[in-house]
Amino acid sequence: RRREQNWYTLLPPGLSVVPEAIDAATGVMITPWVEGQLLTEAWTDLQPEHLLHYVSNQHRQLPDPGRDYQVGEIYRLQNTPRSISANNGPLIAPPVPTPEHLRQPCHNDLNPWNVLITPQGWITLDWEFVGNNDPLFDLVNLHQGLELPLAELPELTVAYLDRMDAPPATPERLHHVIYSFWYRELRWAQRQLSQGNDRPEIQDQVVLATQRLSLLR
């Protein structure tokens, strides 16, 4: 939370709402009111091209956060098992670390509820998980958070990397990113349930993430 507090001083203007105050002990913050619409509410009027523009524009501007974001390592440090079994099925192993040469500053929780569309542009909220990661993780996070067809992702990935003047992604790289995303979704939801946060939508997330990971193994 202290890192997040400092991060807002590093962000270029226009990418986020800068809090007026943050309590690093609790995570409670006070931010200015911004008129806008959440991406999850506005998506019916938008196209994948809007996602490409938003993600690529943000990635070009992000400063170095000074830390990596590796899904498998995060849950190892939280003392959770290195493998999990869903409904007594096969073990689901954590993803391997993202190669260092592919890492760059990323938001890492770029879901449609963290994106606010305003008359001045798209604003990104909740930078708690900012860190160096494969930039495709942000694109996959946004795409899958909108529940768009998985079959669209390869073409969208190519278009994103073209915008960033980066070499095309291999199928193995994209598979790794998608697997990492759904592994994170599963582990986060399971951790919430273990802490007593057993809302139906979190239970549903466990089921959906398990299904997706079973297809990706």
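Along the sequence shown, the residues carry numbers beginning at 1. Quick note: numbers below take in every heavy atom, side chains included, and nothing from hydrogens, waters or symmetry partners. Everything quoted here is computed from the prediction, not taken from an experiment.
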For the residue pair Asp198 and Gln203, what are the closest heavy atoms and their distance? O-NE2, 3.0 Å
Between His107 (side chain) and Leu125 (backbone), is there a donor-acceptor pair under 3.5 Å? yes
Assess the residue pair Glu128 and Asp109 against the criterion (side chain to side chain contact (heavy atoms under 4.5 Å, CB included)); give the C-alpha distance rounded to whole Å, side-chain angles, the decisive distance to 0.1 Å, and a yes or no. CA-CA 8 Å; Glu128 181 181 359; Asp109 194 19; over 6 Å; no
Over 60° means perpendicular and under 30° means parallel, so classify the ring planes of Tyr160 and His59, tilted if in between. perpendicular
Within the 4.5 Å heavy-atom criterion, are Pro135 and Pro105 side-chain neighbours or not? no
Taking every heavy atom of Arg103 against every heavy atom of Pro97, the minimum-distance pair comes out as NH2-CB, 4.4 Å
Under 3.5 Å, is there a donor-acceptor pair between the side chain of Thr26 and the main chain of Val28? yes
For a quick test of reading the model, state the closest non-hydrogen atom pair linking Pro168 to Leu161 and the distance between them. C-CD1, 3.9 Å
With the side chain counted from C-beta on, respond yes when Leu139 and Leu110 share a heavy-atom pair under 4.5 Å apart, and no when they do not. no
Who pairs with Glu201 by salt bridge (Lys or Arg N to Asp or Glu O under 4.0 Å), at least two apart in sequence or on another chain? Arg199
Rounding to 0.5 Å, atoms CG (Leu156) and NE2 (His143) come to a distance of 5.5 Å
Could you tell me which non-hydrogen atom of Ala24 sits nearest to which non-hydrogen atom of Gln5, and how far apart they are? CB-OE1, 4.1 Å
Would you name the heavy atoms of Leu146 and Thr40 that are closest together and state the gap between them? CD2-CA, 4.5 Å
Do Leu39 and Trp127 sit in the same hydrophobic cluster, where Ile, Leu, Val, Met, Phe, Trp and Tyr count as joined when their side-chain heavy atoms come under 4.5 Å apart? no
Linking I/L/V/M/F/W/Y whenever their side-chain heavy atoms sit closer than 4.5 Å, directly or via other members, would Leu208 and Ile92 fall into one cluster? yes
Quick check: does any side chain N or O of His176 sit under 3.5 Å from a backbone N or O of Pro95, one acting as donor and the other as acceptor? no
Around Arg60, counting heavy atoms of other residues, nucleotides and ligands shown, do more than 12 lie under 6.0 Å from its CZ? yes
Side chain to side chain contact (heavy atoms under 4.5 Å, CB included) evaluation trace for Ile22 with Ile30: CA-CA 7 Å; Ile22 300 179; Ile30 300 174; over 6 Å; no
Mind running side chain to side chain contact (heavy atoms under 4.5 Å, CB included) on Tyr54 and Leu142 for me, showing each step along the way? CA-CA 10 Å; Tyr54 162 66; Leu142 201 58; 3.8 Å; yes
Side chains of Leu148 and Trp43: does their closest heavy-atom pair fall under 4.5 Å? yes
Check whether more than 12 heavy atoms from other residues, nucleotides or ligands sit under 6.0 Å from atom CD of Glu152, and answer yes or no. yes
Do Arg184 and Tyr179 have side-chain N/O donor and acceptor atoms under 3.5 Å apart? no
Under 4.5 Å between any side-chain heavy atoms of Val115 and Pro112, yes or no? no
Rounded to the nearest 0.5 Å, what's the gap from OG on Ser180 to CG on Leu216? Could you check? 10.0 Å
Tell me, do Asn132 and Pro65 make a side-chain contact under 4.5 Å, heavy atoms counted? yes
According to a 4.5 Å side-chain heavy-atom criterion applied to Ile, Leu, Val, Met, Phe, Trp and Tyr, with indirect links allowed, do Ile123 and Tyr8 form part of one hydrophobic cluster? no
For the atom pair NE2 (His101) and CG (Asp134), what is the distance rounded to the nearest 0.5 Å? 9.0 Å
Ignoring hydrogens and geometry, is there a side-chain-to-backbone donor-acceptor pair from Gln61 to Asn57 under 3.5 Å? yes
Glu155 CD: over 12 foreign heavy atoms closer than 6.0 Å: no
Do Leu10 and Val18 belong to the same hydrophobic cluster, where Ile, Leu, Val, Met, Phe, Trp and Tyr are linked whenever their side-chain heavy atoms lie under 4.5 Å apart, directly or via other members? yes
Can you find a heavy atom in the side chain of Cys106 that is under 4.5 Å from one in the side chain of Val130? no
side-chain hydrogen bond (donor to acceptor under 3.5 Å, both in side chains) filter on Asn133, not counting sequence neighbours, yields Thr98, Asn108
Any donor and acceptor pair, going by atom type alone, linking the side chain of His53 with main-chain N or O of His50 inside 3.5 Å? no
Residue pair Thr124 / Gln58, side-chain donor-acceptor N/O under 3.5 Å: yes
If we ignore hydrogens and angles and just use 3.5 Å, is the side chain of Asp126 paired with the main-chain N or O of Asn114 as donor and acceptor? no
Does any donor atom in the side chain of Gln190 or Trp188 lie under 3.5 Å from an acceptor atom in the other side chain? no
Rounded to the nearest 0.5 angstrom, the CD1-CG distance for Ile178 and Leu215 is 11.5 Å
Would Gln144 and Trp182 count as a side chain to side chain contact (heavy atoms under 4.5 Å, CB included) if you check the C-alpha gap in whole Å, the side-chain angles of each, and the deciding distance to 0.1 Å? CA-CA 9 Å; Gln144 292 297 277; Trp182 283 111; 3.4 Å; yes
Within the structure provided, determine whether Leu51 and Leu46 are in side-chain contact (heavy-atom separation under 4.5 Å). no
Would you check if Leu15 and Trp122 make a side-chain contact, meaning some heavy-atom pair closer than 4.5 Å? no
Calculate, to the nearest 0.5 Å, the distance between atoms CD and CG belonging to Glu41 and Leu116 respectively. 9.0 Å
In terms of hydrophobic clustering (I, L, V, M, F, W, Y; side-chain heavy atoms under 4.5 Å; direct or indirect links), are Val140 and Trp113 co-clustered? no
To the nearest 0.5 Å, atom CD1 of Ile74 lies from atom CG of Asp68 at 10.0 Å
Distance-only, no hydrogens or angles: does the Gln120 side chain make a donor-acceptor pair with backbone N or O of Gly14 under 3.5 Å? no
Excluding sequence neighbours, so at least two apart, what forms ring pair (Phe, Tyr, Trp, His ring centres under 6.0 Å) with Phe181? none
